[in-house]
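Heads up, the thing below is written out as structure tokens.
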Amino acid sequence: MSFLSLTNIQKSFGPVQVVKNFNMDIEKGEFVSFLGPSGCGKTTVLRMIAGFENPTGGNLTIAGKDIAPLKPNQRNIGMVFQAYALFPNMTVHDNVAFGLKIAGKPKAEIDARVKEMLALIHLGHLADRYPYQMSGGQQQRVALARALAAKPQVLLLDEPLSALDAKIRVSLREEIRQIQQSLGITTIFVTHDQEEALSISDRIVVMNGGRADQIGTPFEIYNTPATRFVASFVGTLNMIEAKVVDPAVNRIQIGDQGVTLKQSVAAYKAGDTVSLALRPEAGSLAESTPSDTKLTGQVVSAHFLGSVIRTRMNVGGNVISFDMFNSPGVTPPAAGETVTLRFMAADLLVIRD
Amino acid sequence: MSFLSLTNIQKSFGPVQVVKNFNMDIEKGEFVSFLGPSGCGKTTVLRMIAGFENPTGGNLTIAGKDIAPLKPNQRNIGMVFQAYALFPNMTVHDNVAFGLKIAGKPKAEIDARVKEMLALIHLGHLADRYPYQMSGGQQQRVALARALAAKPQVLLLDEPLSALDAKIRVSLREEIRQIQQSLGITTIFVTHDQEEALSISDRIVVMNGGRADQIGTPFEIYNTPATRFVASFVGTLNMIEAKVVDPAVNRIQIGDQGVTLKQSVAAYKAGDTVSLALRPEAGSLAESTPSDTKLTGQVVSAHFLGSVIRTRMNVGGNVISFDMFNSPGVTPPAAGETVTLRFMAADLLVIRD
Amino acid sequence: AAEPSAELIAAAKKEGTLTTIALPHDWCGYGDVIAGFKAKYGLEVNELNPDAGSGDEIEAIKANKGNTGPQAPDVIDVGLSFGPTAKADGLIQPYKVSTWDSIPDSAKDADGFWYGDYYGVLSFVVNTDIVKEVPKDWADLKKSDYANSIALAGDPRASNQAVQAVYAAGIAAGEKDATKAGEAGLAFFGELNKAGNLVPVIGKSASLAQGSTPIVIAWDYNGLSWRDTLKGNPPVEVVVPASGVNAGVYVQAISAFAPHPNAAKLWMEYLYSDEGQLGWLKGYCHPIRFNDLAKNKKIPQELLDKLPPAAAYEKAVFPTLDEQAAGKTAITGKWDSVVGANVK
Amino acid sequence: MSTVSTTPVVSTAPLITRDRVIDWLGITPFIIFALLFLIIPTLYLVVGAFLTPEGNFTLKNIGDLFTPSILSAYWISIRVSVASALGGALIGFFLAWAVVLGGLPTSVRSTLLTFSGVASNFAGIPLAFSFLATLGRTGLVTIFLRDWFGFNLYGTGFNLLSFFGLTITYMYFQIPLMVLILTPALDGMKKEWREAAEILGASNVQYWTKVALPILWPSLLGTTLLLFANAFGAIATAYALTGSSLNIVPILLYAQIRGDVLHNANLGYAIALGMIVITGVSNILYLMLRMRAERWQK
Amino acid sequence: MKAQKLGAWIAIAIGATYFIVPLLGTIEFSLRMRRDAYSFDAYLSVFSDERFRETFGYSMMMALLTIVFGMLLIVPTAYWVRLRMPQMRQVVEFITLLPLVIPAIVIVFGYLRMYNSSSFLPMTASTTGTNILLVFSYITLSLPYMYRSVDTAMRAIDVRTLTEAAQSLGASWWTIMFKCIFPNVMSGILSGAFITLAIVMGEFTFAALLSRPAFGPYLQLVGANRAYEPSALAVIAFSITWLSMGLLNLVSRIGRSRPAKA
Ligand SMILES: Nc1ncnc2c1ncn2[C@@H]1O[C@H](COP(=O)(O)OP(=O)(O)OP(=O)(O)O)[C@@H](O)[C@H]1O
Ligand SMILES: Nc1ncnc2c1ncn2[C@@H]1O[C@H](COP(=O)(O)OP(=O)(O)OP(=O)(O)O)[C@@H](O)[C@H]1O
Ligand SMILES: [Mg+2]
Ligand SMILES: [Mg+2]
């Protein structure tokens with residue numbers, strides 16, 4: 001039995017079902033991200049765990065105990081909101097102490113715990129500040145400390161970083177991950193930023209239209225997307241239409257260039273069209289690249305994006321983008337030039353729709 | 001004589017000089033970006049070109065003609081604002097037609113031109129909508145059409161994309177670039193997003209504290225930053241402290257590992273400390289990498305960021321990040337492991353402060 | 001005069017409060033009279049809208065039928081003509097004070113429903129800072145010098161004082177018949193209004209002093225007490241007109257629905273005691289028992305000295321009840337259409 | 001791992017109902033209060049407008065509204081309200097414009113706004129006193145004009161108790177109200193709109209006529225309507241100025257309901273109904289226009 | 001640019017004249033009680049009037065009660081509507097605006113009929129009852145101002161997330177209301193309170209028709225019967241209004257608990 005378990009969770013607002021048979025088991029101490037586009041139901045699932053919404057169906061247990069009958073203030077769950085939601089009338093200290101005071105802890109214990117939490121987020125010197133006197137990143141760290149102060153069983157974070165600047169976003173997410181690991185607290189992290197989810201999660205739930213499309217480690221999600229949606233939502237992806245030539249030996253044809261896949265196309269008939277996915281970073285023009293497959297085409301355009309140069313090439317009607325790291329020695333190919341892209345056949349994924 | 005020419009432009013607000021001796025020549029049809037951190041004076045320069053602010057010193061000419069005495073409504077310049085600034089009381093059609101009506105164009109001509117502009121931005125079907133009925137991206141496209149309708153000599157865009165979502169930002173910037181190229185209109189684009197500037201500009205002006213630190217093509221800016229500021233502002237950068245061993249042969253030492261630079265350190269004495277910059281994408285662990293230099297160190301951490309894996313290694317006290325493209329075949333090194341980073345000595349830049 | 005019975009005092013004290021209405025403190029010395037009553041019997045006095053006209057008082061009784069809260073008046077002090085109508089409408093209850101016999105018969109209801117309390121004559125109260133040439137008679141008021149200057153001391157549709165003023169103007173025009181006098185008065189004020197002399201404002205000491213109504217037609221006792229409170233800033237002159245001297249009697253009555261009937265009766269006893277009567281006199285009002293008091297030498301000489309010259313009262317006309325009723329009907333009914341003093 | 005059985009789970013209906021009940025309970029005190037002390041007392045009068053004193057249905061009261069004196073009361077009230085609303089709106093607009101867009105120091109703006117907060121509440125009786133002390137026959141300005149310029153203000157037929165006098169008095173609280181309501185609307189005028197218009201070739205006048213005023217007019221008109229309703233219902237000021245004999249609607253109503261002459265409270269109710277209808281209509285229009293204005297402010 | 005600024009100054013100058021001259025006039029007039037010299041006689045006369053003190057104190061008391069009970073009614077309502085009944089917002093807002101539409105006199109006459117001593121709820125039968133009714137009428141009268149200012153303050157703090165944050169930390173409704181909501185809408189409560197104070201202090205109609213010894217009717221009475229005291233009272237009334245606005249500014253500046261800017 002896993003620690004936090006969601007079974008067949010459903011939620012409808014009026015006639016609209018926004019969460020559909022959601023299942024997920026989270027182990028104690030695990031860091032799980034919910035990743036998905038806006039409106040896919042991430043927040044709704046989180047709010048059901050917190051108790052702010054009642055599921056219209058399904059079961060919710062923490063440590064084997066059904067928490068459905070419990071009110072939000074009885075669940076002992078910590079929560080961090082996108083908009084920080086610090087109490088503006090209280091100092092940093094009082095914000096962090098709030099939950100402990102409610103729980104009727106003795107003052108000495110509260111003070112010690114608050115001190116400890118503020119040290120954890122490196123804001124011990126700001127205990128007497130009011131929220132409005134602090135930057136967004138600092139406020140969000142206080143919100144985190146507040147949520148953690150009462151030692152919740154589960155920590156929920158709903159897009160805690162999306163209101164922050166890019167640089168702070170990166171440093172704070174690493175801080176969150178590190179605090180989570182040091183405390184070993186079971187955590188659910190909602191985001192629609194794939195890089196964020198990929199970089200800090202133990203496991204990721206990719207949600208789509210109220211369903212979990214795929215649950216897996218960042219590697220699994222990125223490298224072996226289960227659905228077309230996952231493939232396209234996570235990372236940039238080239239979708240290539242190919243014709244099956246010989247299903248038995250996984251031989252297909254892109255434009256007029258034959259390729260032998262590593263994945264099976266046995267389910268197709270010769271002449272069928274099959275969708276393939278290729279990450280832009282999987283291929284390279286350099287002859288030294290370890291590769292077993294190549295495709296030749298015309299360059300459509302080359303964009304300089306800083307560390308990478310993204311080149312688009314046309315292969316039999318498919319526009320394929322590929323990235324190469326920029327360095328002074330590398331000149332991007334010119335439009336119209338014919339180039340050969342080299343990659344491993346294993347990187348060409350067959351995508352079911 | 002270039003088309004738009006700014007000579008020794010200065011601007012003070014009260015005692016504070018926010019633009020200092022700004023010089024820049026822009027050719028007809030060129031797309032120039034102003035890139036820089038908040039408050040560095042980008043908007044101020046733009047507003048002086050538009051005529052909303054009077055320079056406190058310097059010369060401003062368009063096509064050889066001094067425009068200083070002209071009011072904004074006589075300069076024939078198009079402008080797109082960050083917050084769209086569509087007239088909320090007018091339909092899309094009327095917004096786009098505004099400048100033409102003011103100019104007293106006949107109705108038939110106006111209608112034809114508006115139609116043409118709306119077709120250009122793919123919003124022909126929304127001509128009767130009001131701004132509040134449209135998404136941010138659509139509004140910004142209308143704003144662009146409005147600015148272009150009266151065929152201005154110069155188009156100014158002040159962070160036109162910063163209020164938009166990431167995906168729309170990318171697609172709209174490409175649309176803007178493509179429209180700009182098809183019309184051949186001289187354009188200045190203000191942004192603080194380096195990727196944006198790098199990907200669509202002919203030339204970039206990197207501004208810092210009211211000055212142009214560097215003016216050059218995206219390649220020049222990225223690969224040969226002129227100042228430390230430019231180097232650190234554009235792209236991610238490892239800053240490495242090294243000790244000069246033998247200035248005559250450009251020999252330096254990082255930690256206890258000797259490296260021979262391609263750039264000269266003749267200005268230093270043996271034993272001096274010198275700052276070096278290395279882009280994370282310049283190095284690789286693969287032995288097949290074309291390289292003439294290597295550094296060995298311990299892995300501190302490896303982060304999976306989607307298409308790239310960013311590894312941090314410790315080389316004699318310097319933490320150096322390097323990126324490698326992710327692919328199922330690549331396993332990121334584990335923390336503590338000893339690895340060797342290979343790169344071209346030419347990628348190690350000496351940075352003056 | 002006899003003291004009220006101990007039972008009445010006790011019963012009144014039990015009720016604790018008396019609710020009065022329309023008793024401005026500088027009207028007839030009511031401020032001191034009320035203070036004297038409070039001091040003597042220790043009752044609270046709840047004073048409702050001191051600015052109400054007689055009509056308002058009657059209406060207050062009607063509106064509060066069935067309400068015994070502090071909004072309902074116990075006693076009223078209204079123009080003579082309002083007494084009989086209120087009796088006919090069943091709004092007042094009878095009571096005969098212990099000094100009943102010394103009240104002239106012509107000024108009281110035989111059954112004790114209402115009884116006259118004091119009288120005065122209508123006069124011109126003039127702010128001589130603004131009006132240099134003081135009008136002497138009604139006819140003078142039409143002069144263009146008095147543009148935008150003249151005000152009644154009430155709304156003729158609601159105030160006895162104002163109705164009497166109109167009536168007085170009618171008498172001055174030489175009309176004897178009450179209805180005709182009323183009409184003549186209306187006509188007079190219609191002219192005043194057309195000439196732009198009449199200000200559609202209720203004249204009070206404030207408007208007199210501030211100059212928005214430098215001439216107010218009011219009871220002499222009001223004018224005199226205003227003069228006193230203003231203490232010469234500005235100087236005020238009270239002129240009894242040469243003709244058309246109209247004397248007006250007010251009457252007291254107890255509301256039929258009085259929440260504190262005993263307090264009301266005690267109040268009446270106090271008013272009609274020598275003390276109460278002299279209290280009015282101090283406010284320049286001739287109390288109804290004036291002759292009785294004078295006969296018994298109960299009036300201090302310095303009080304008599306301060307009163308307006310007796311000569312003014314010699315020409316005074318005391319309209320009978322019927323005359324008053326007829327005049328009032330004529331005036332209130334047609335005021336709107338004949339005069340129609342409106343904002344311009 | 002994520003594929004799932006599709007057993008439909010029936011929603012627990014009673015839970016939802018209980019939640020709804022609690023939701024409603026939360027605003028019950030307010031609803032009860034509003035009913036008892038605002039709505040029912042008003043309905044009482046509205047119904048009364050259609051009753052005879054004996055309690056039978058009649059339309060006579062409504063019909064009686066159309067007698068000349070009542071009509072003239074409405075008429076003068078409407079005129080004063082319209083004039084003071086228009087005057088207040090116009091001057092208030094210029095003041096708001098001056099502090100928001102006129103490039104004045106911010107201290108002027110905050111002073112004006114604070115002052116407006118005070119002055120917009122300075123209605124009623126004290127206001128009347130002030131104007132009597134200023135423009136009354138012995139008021140400061142009157143005396144000043146007389147002594148320094150030999151100008152007899154009252155000789156020109158001026159009177160504080162006239163249409164003009166009332167209007168100028170009412171404007172004392174109308175202008176600040178306009179300033180208070182309009183300042184945010186003017187703040188909502190983005191600087192970029194002006195600049196966009198300018199760079200597209202528009203002159204200052206063209207900007208105002210084609211962009212600024214069209215955007216502002218719902219706010220302007222809406223606020224003017226609010227000012228109108230505000231003046232229409234104001235009784236205390238007029239009452240204190242004239243001492244209840246002025247023939248304007250609130251005073252007439254006061255006299256009808258409270259007073260005595262026409263002895264017809266039900267007619268009073270009808271007059272009240274007329275007032276509610278007039279202020280109500282202008283308020284509803286105000287709300288509609290405000291919604292429209294806010295749509296643009298987004 | 002220059003012309004615009006000049007115009008702005010002219011507008012301000014005209015406005016300032018219009019606003020300030022009546023105040024000067026009032027002050028000047030209030031000092032004129034003694035015939036030949038300026039004096040504070042009028043103020044002395046006002047302050048020595050027992051009724052001034054009584055009515056002033058009475059109205060102050062009523063104002064405070066109105067504010068306390070009004071806020072206890074309105075803050076939870078506004079909170080609840082934002083939190084749980086957003087679909088009722090329009091309706092509640094509309095109701096709170098009604099007192100701007102319905103003349104006070106209409107409402108109070110309804111009261112007299114509905115709550116007289118022979119009705120189902122005989123509030124006017126006793127002085128206490130009438131006082132309570134008066135407080136309720138003042139709450140009604142100040143609804144538009146109180147509700148709006150509180151609601152605006154709530155918009156600034158995102159009550160829903162604050163509530164949920166408090167709930168997830170274990171707080172009960174009571175704690176949420178008085179520890180997390182009230183302190184954070186204090187600015188709104190205060191600005192509503194001061195406007196209410198100003199309104200109640202000058203209110204005439206309700207007090208007069210319910211026959212309560214309030215400041216408004218007293219003002220009216222003095223205005224009719226005294227020459228110089230009214231101006232003195234006007235000055236006093238204006239000072240009170242200024243004072244409450246000044247206090248409001250002061251309090252909101254001192255009040256450190258400003259909502260975080262998101
Ligand atoms: N209280 C509600 N009533 C009705 N519909 C709601 C309610 N809350 C959410 N929804 C709907 O449920 C769907 C899922 O909403 P949810 O907030 O869970 O999305 P999300 O994945 O968190 O999106 P985002 O990334 O934008 O926060 C949306 O379509 C939303 O409109
Ligand atoms: N009207 C003004 N008065 C005084 N200072 C000003 C004014 N306008 C701009 N500044 C100052 O001039 C400097 C440059 O401002 P500018 O708006 O040009 O910066 P920017 O580069 O566009 O920044 P951002 O990326 O934030 O838009 C800033 O320090 C700003 O505070
Ligand atoms: Mg969400
Ligand atoms: Mg800028």
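Within every chain, numbering begins at 1; the chains are lettered A, B, ... in the order of the sequence lines, protein sequences first and strands thereafter.
- Applying the 6.0 Å contact sphere to CZ of Phe94(D) captures no more than 12 heavy atoms from other residues, nucleotides or ligands.
- Here the NZ atom belonging to Lys190(D) is positioned 9.0 Å from the CG atom belonging to Leu86(B), to the nearest 0.5 angstrom.
- The distance from atom CG of Asn76(B) to atom CG of Leu200(D), rounded to the nearest 0.5 Å, is 10.0 Å.
- For chain B, the nearby part of Lys191(D) is the side chain; its heavy atoms alone come within less than 4.5 Å.
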Candidate pair Gln206(D) and Asn73(B), rule side chain to side chain contact (heavy atoms under 4.5 Å, CB included), full reasoning: CA-CA 11 Å; Gln206(D) 282 171 320; Asn73(B) 55 4; over 6 Å; no

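- Rounded to the nearest 0.5 angstrom, Trp193(D) CH2 and Phe81(B) CZ are separated by 12.5 Å.
- Contacts of Arg146(B) with chain D are made by both backbone and side-chain atoms, with heavy-atom separations under 4.5 Å.
- Across Ile199(D) and Ala50(B), no two heavy atoms sit closer than the pair CD1-CB, 3.5 Å.
- For Ala103(B), no part lies near chain D; criterion is any non-hydrogen pair under 4.5 Å.
- Interface remark: Leu156(B) contributes no atoms to any contact with chain D (heavy atom separation under 4.5 Å).
- Closest approach of Gly201(D) to Ile102(B), counting heavy atoms only: O-CG2, 3.3 Å.
- For CH2 of Trp208(D), the number of neighbouring non-hydrogen atoms (other residues, nucleotides, ligands) closer than 6.0 Å is greater than 12.
- Between Met90(B) and Val211(D), some side-chain heavy-atom pair lies under the 4.5 Å cut-off.
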Pair Lys101(B)-Lys210(D), side chain to side chain contact (heavy atoms under 4.5 Å, CB included): steps then yes or no: CA-CA 11 Å; Lys101(B) 272 191 197 142; Lys210(D) 289 191 197 297; 5.8 Å; no

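- Between chain D and the residues Ala149(B), Ala85(B), Gly99(B), the largest count of heavy-atom pairs under 4.5 Å involves Ala85(B).
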